[in-house]
There are 2 protein chains.
Amino acid sequence: MSCVSTLKAKGLKLTPQRMMIVDIIHDAKEHLTADEIIRHIQANMPGVNKSTVYRTLSLLEQYGCVYKSELSEELIYHHDEVGHHHHLMCSRCGNIIKCDEDLFIPLKNLLMEKYGFDANFKHIVMSGFCEKCKNNN
Amino acid sequence: MSCVSTLKAKGLKLTPQRMMIVDIIHDAKEHLTADEIIRHIQANMPGVNKSTVYRTLSLLEQYGCVYKSELSEELIYHHDEVGHHHHLMCSRCGNIIKCDEDLFIPLKNLLMEKYGFDANFKHIVMSGFCEKCKNNN
DNA sequence: TTTATAATTGCAACCAGGTGCAATAACAAT
DNA sequence: ATTGTTATTGCACCTGGTTGCAATTATAAA
């Protein structure tokens, strides 16, 4: 079900601002920060307020139309189809290790089995200590 | 190694503000929000600035003396020994399911094996859709 | 097409947390 | 005990994100 029909089915209004935000996320090749989305929309529709954007994003997230994740401290928004990956961030040195996403599959399956919970494993950032910092306390 | 000797070993200064913040976290039975820590310290040492608190917390986190985690949108700080648990938060309805921490052990071990990464699995919040919301799109 | 109504917007004010900088204080060396 | 160095503090300001509210607008019903 497309974003637009999902919203419609819920009795939510298809305002020009919303349509534009949906389009921006759909068209994006990569994930976007909220700020990038705000700049994009204000280029086309000057005067659109940032609170409108944030409210729309959280609405779309609630209805499964976009995914919000965090990437080294900053929140990013992305559409389902966009490629995703996981990160391990060191609390000491701040370095980020890219992480094979397959490692998370067993956990995802387990959460589904035990709790019926459909975890968002599109972008994960785990914090902890990297090899170097761990040994160099 | 205690927090105090860790700081000392790194050539960091043991200011009264820092000592007090360390004490507060040590004495806490539960995890604390940054705000609670700020209120605590300002009760004993009026005039201590919130930026000092935030800077001290991130310093302590870097050196493994406290753990920062997120609990349904708010950041919490806690000492190693404090009991911990995981949560599954629904992006639609906001409900939080408590989650058995053992489920994360295989993943933790895998990350250690493959990347030498010591993941902080003290408090995890996973987002996704709960059983009810998942089926009620 | 007009009207009613409920959802949505923009605004302004707010919140948690972070940052650059000059003043201060902890600690080491004398 | 005094001094010098360097880390740390408090301050003022900034940032991303949120909220209450009055004005506006999409949509359904008449």
Side-chain angles (χ1 to χ4, degrees), chain A residues 3-22 31-42 44-63 65-66 68-77 89 91 94 125 127, chain B residues 3-22 25 31-42 44-63 65-77 89 91 94 125 127:
Chain A
C3 295
V4 171
S5 42
T6 302
L7 296 181
K8 202 159 199 168
K10 283 286 158 187
L12 297 167
K13 294 181 178 171
L14 301 179
T15 65
Q17 293 93 326
R18 272 181 194 168
M19 305 289 268
M20 171 124 266
I21 293 168
V22 167
H31 46 66
L32 298 165
T33 62
D35 199 60
E36 287 168 336
I37 296 169
I38 291 169
R39 285 207 307 275
H40 258 87
I41 195 170
Q42 286 181 343
N44 297 38
M45 299 176 66
V48 172
N49 199 270
K50 61 175 179 161
S51 50
T52 300
V53 175
Y54 282 113
R55 278 188 285 230
T56 301
L57 288 173
S58 91
L59 192 103
L60 292 172
E61 192 199 357
Q62 277 176 63
Y63 289 102
C65 298
V66 308
K68 178 170 80 176
S69 315
E70 47 184 302
L71 186 56
S72 67
E73 308 289 292
E74 73 178 357
L75 294 176
I76 54 168
Y77 298 85
M89 186 175 63
S91 296
V125 180
S127 57
Chain B
C3 296
V4 171
S5 42
T6 302
L7 295 181
K8 203 160 201 168
K10 283 286 157 189
L12 298 167
K13 295 180 176 171
L14 301 179
T15 65
Q17 293 93 326
R18 271 182 195 170
M19 305 289 269
M20 172 125 267
I21 292 168
V22 168
I25 297 172
H31 47 65
L32 298 165
T33 62
D35 199 60
E36 287 167 336
I37 296 169
I38 291 168
R39 285 205 309 272
H40 260 86
I41 195 169
Q42 286 182 341
N44 297 38
M45 301 176 66
V48 172
N49 198 271
K50 62 177 179 155
S51 49
T52 300
V53 176
Y54 283 114
R55 278 188 286 231
T56 301
L57 289 173
S58 89
L59 192 102
L60 293 171
E61 192 200 357
Q62 275 175 64
Y63 289 102
C65 297
V66 308
Y67 296 89
K68 177 171 80 175
S69 316
E70 48 185 300
L71 186 57
S72 68
E73 308 287 294
E74 74 179 354
L75 294 176
I76 55 169
Y77 297 86
M89 186 175 62
S91 297
V125 181
S127 58

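In the text below, chain A, chain B and the rest are named by the order of the sequence lines, each starting its count at 1. FYI, side chains are in, hydrogens and waters are out, and symmetry mates aren't considered; it's all heavy atoms of this structure.
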Steps toward side chain to side chain contact (heavy atoms under 4.5 Å, CB included) verdict (A/Leu14, A/Met19): CA-CA 6 Å; A/Leu14 301 179; A/Met19 305 289 268; 4.0 Å; yes
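- Look at B/Tyr54 and you'll find a side-chain N or O under 4.0 angstrom from OP1 or OP2 of C/dG17.
- At a cut-off of 3.5 Å, with distance as the only test, a side-chain donor of A/Ser51 or A/Asn49 sits close to an acceptor on the other residue.
- B/Val48 places none of its side-chain heavy atoms less than 4.5 Å from the side chain of B/Met20.
- Rounding to the nearest 0.5 Å places CD1 of B/Ile37 at 4.5 Å from CD1 of B/Ile25.
- Computed from coordinates, the A/Met45 CE to C/dT8 P distance equals 15 Å when rounded to whole Å.
- Looking at the side chain of B/Val48, the nearest of the listed nucleotides D/dG10, C/dG10, D/dT18 is D/dG10.
- Counting distance only, with no hydrogens placed and no angle test, the side-chain atoms of A/Lys50 and the base atoms of D/dG17 include a donor-acceptor pair under 3.5 Å.
- Below the 3.5 angstrom threshold, one finds no donor paired with an acceptor across the side chain of A/Arg39 and the base of D/dG16.
- In this structure, B/Arg18 places its CZ atom 17 Å from P of D/dT6, rounding to the nearest Å.
- Rounding to the nearest 0.5 angstrom, the gap separating the CD atom in B/Glu36 from the NE2 atom in B/His31 is 9.0 Å.
- Distances from the side chain of B/Ser51 to the nucleotides C/dG10, D/dT8, C/dT19 place C/dT19 closest.
- Rounded to an integer number of Å, the gap from B/Asn49 CG to C/dA16 P is 14 Å.
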Under 4.0 Å protein heavy-atom contacts per nucleotide of nucleotides 24-30 of chain C, with B for base, S for backbone only and - for none: -BBS---
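- If you take CG of A/Leu57 and C1' of C/dT9, they are 15 Å apart, rounded to a whole angstrom.
- Between the side chain of A/Arg55 and the base of C/dG10, at least one donor-acceptor pair of N or O atoms lies under 3.5 Å.
- In this structure, CG of A/Asp35 is placed 13 Å from P of D/dT18, rounded to the nearest angstrom.
- The CG-P distance, from A/Leu59 to D/dT19, rounds to 14 Å in whole Å.
- As a whole-Å value, the separation of B/Met20 CE from D/dG10 P is 13 Å.
- Atoms CG (A/Leu60) and P (C/dA7) sit 17 Å apart, rounded to a whole Å.
- Put simply, CZ on A/Arg55 and CD1 on A/Ile21 are 10.5 Å apart, with the number rounded to the nearest 0.5 Å.
- B/Glu61 is not listed as a side-chain neighbour of B/Tyr67, based on a closest heavy-atom distance of 4.5 Å or more.
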